[in-house]
Amino acid sequence: MEKLKIRQILSVTLTLFAVFFGAGNMIFPPAMGQMAGKNYVSALIGFILTDAGIALLGIIAVVLVGTEISDLGKLVSKKFALCFSVGIYLLIGPLFALPRTGSVSFELAISPYVPKDSAWIYSLIITAIFFLLTYRLSSNPSKVVDVIGKYLTPILLISITSIFIACLIKGSTSGDAVQIGSIGEPQGAYATIPLFQGMIEGYNALDGPAGLVFAIIIINAVSGFGVKNEKGIVKYTILCGIGAAAILAIVYYMLTYIGAITVTTFENGGALLHAVTSEVIGSVGGIILGGAVFLACMTTSIGLTTSFSDYFHEILPNISYKKITGIVCVFSFIISNIGVTQLVKISTPILMMIYPVTIVLIVLSFIKRYIGHRRMVYVLAMAFAFCIAFVNGLEKANISLGVITALCKQIPFYNLGFGWIIPAIIGAMIGTLPFWAMNQEPVEEVYAEIGE
């Protein structure tokens, strides 16, 4: 079996970390740390489990059944695989997640330093530059691993580590804008269920679907280094995935700790980080933070664009990879100027509907040998989960379905965003019954295609 050198494994691992670690991943942990206070470690563990943990499971699920997200969908049917794949790519690609990388990059790295009355002009300029760079770096996918793994990721890690070390050295300090050095008491749910509340925060980070999308980047990177044996690809993909999850955990600890020792309260994690870095490092702190945020957004943007363009070129071979990349970047540039607040407001309810379906499919894929030809297990489990998640998502958008919403609220864990779990289990159990017509049909050569 072919073997990768340590530097090659490290390069792929850093690439995977970088494409996962967007600006949202930088903002959530410090805000969580401040709310969790003395319980920040428990909250952090929960966050890691549902953020890096689910993303890692998604990557493993894909590589065990094939090479891309559609191979996972084929466990149900070819038609479902196409619809599921296109939906996931659009949602975490040009419709929501990709434009958000440009918006967050501007609003956290540039917006604090420009006049508010002319901010929209700067937004147009900065996001145009952002997506031009994304296009340039994504137009040649063979260089993505080298560009991200060797250059952008180390700079990002150095930036975050510098802020963390500065906080340790500075110790307790009280400036005009921020007071740091004392870990406060936990607030809200973090006082009673910090681990579970941390899991909710990780769930909201929505890296699970991204794991399915980014899997192909790692598989292609491993193959590009000369590993052609299927077992070798699986081995190194999982190894690099575990490494990336470990790096994420370390970075999340640093950011969560920074939030935990910050006494002054802030509206969000971005404002907290900006104030802390300015206090412990000085005026250059804002520049370091801005650079880290920009790089985090850029690496995620490259990963999303590359994966999206690669997939759609595969299903639409008459359209060149570069043309798809260009269309995606232009579209994302336009949408990104709506602003972070609006993008989050629109995307969160929709993504909350899709995320549980994705988790159910990932989990069931690990027991596909026992499910066998009973494809209704997948269908009903995902359908039941989606029904509850749909109601939950509408509620997040302040839309109530009256008695239906009231009934759903009686389901365990519903108010925490996990009300879909028990219905999904019930759906899977019903799907095992022998009378379903779908369970009697051929599996459309699914298992032959995915190596079963």
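Position 1 is the first residue of the sequence, and the numbers go up from there.
- In this structure, the side chain to side chain contact (heavy atoms under 4.5 Å, CB included) partners of C167, at least two apart in sequence or on a different chain, are I258, I261, V276, V280.
- Under the side-chain hydrogen bond (donor to acceptor under 3.5 Å, both in side chains) criterion, D207 pairs with N25, sequence neighbours left out.
- At distances below 3.5 Å, not a single donor-acceptor pair connects side-chain atoms of Y122 with backbone N or O atoms of V114.
- The main-chain N or O of Q179 is found under 3.5 Å from a side-chain atom of T264 such that the two form a donor-acceptor pair.
- Not counting sequence neighbours, the partners of A191 by the side chain to side chain contact (heavy atoms under 4.5 Å, CB included) test are P186.
- A donor-acceptor contact shorter than 3.5 Å links the side chain of T325 to the backbone of Y321.
- Sorted by first and then second residue, the side-chain hydrogen bond (donor to acceptor under 3.5 Å, both in side chains) pairs with a member in residues 403-422 read E395-K409, E395-Y414; sequence neighbours excluded.
- Residues meeting the salt bridge (Lys or Arg N to Asp or Glu O under 4.0 Å) test with K170, sequence neighbours left out: none.
- Applying the side chain to side chain contact (heavy atoms under 4.5 Å, CB included) criterion to A397, with sequence neighbours excluded, gives P349, I399.
- The backbone N or O of T305 sits less than 3.5 Å from a side-chain atom of S309, completing a donor-acceptor pair.
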Counting only pairs under 3.5 Å, give me each side-chain donor-acceptor contact of residues 358-365, with atom names and distances, residues two or more places apart or in other chains.
from : atom 1 : to   : atom 2 : distance (Å)
T358 : OG1    : I354 : O      : 3.2
S365 : OG     : I362 : O      : 2.6

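- Counting only distance, with no hydrogens or angles, the side chain of Q34 and the backbone of T262 share a donor-acceptor pair below 3.5 Å.
- Going from atom CG of L16 over to atom CD1 of I242 covers 11.5 Å, rounded to the nearest 0.5 Å.
- The backbone N or O of F333 sits less than 3.5 Å from a side-chain atom of S336, completing a donor-acceptor pair.
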Under 3.5 Å, sequence neighbours excluded: what are the donor-acceptor pairs made by side chains of residues 42-66?
from : atom 1 : to   : atom 2 : distance (Å)
T50  : OG1    : G46  : O      : 3.2
T50  : OG1    : M199 : O      : 2.7
T50  : OG1    : Y203 : N      : 3.4
D51  : OD2    : Y252 : OH     : 2.5

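- The ring pair (Phe, Tyr, Trp, His ring centres under 6.0 Å) contacts involving residues 168-197 comprise F196-F418, where partners must be two or more places apart or lie in separate chains.
- The stretch residues 208-224 participates, sequence neighbours left out, in no side-chain hydrogen bond (donor to acceptor under 3.5 Å, both in side chains) pair at all.
- T237 pairs by the side-chain hydrogen bond (donor to acceptor under 3.5 Å, both in side chains) definition with nothing, not counting sequence neighbours.
- Classification of the F80-F84 ring pair by plane angle, with boundaries at 30° and 60°, yields parallel.
- Applying the side chain to side chain contact (heavy atoms under 4.5 Å, CB included) criterion to V86, with sequence neighbours excluded, gives L82, L90, Y311, F312, I315.
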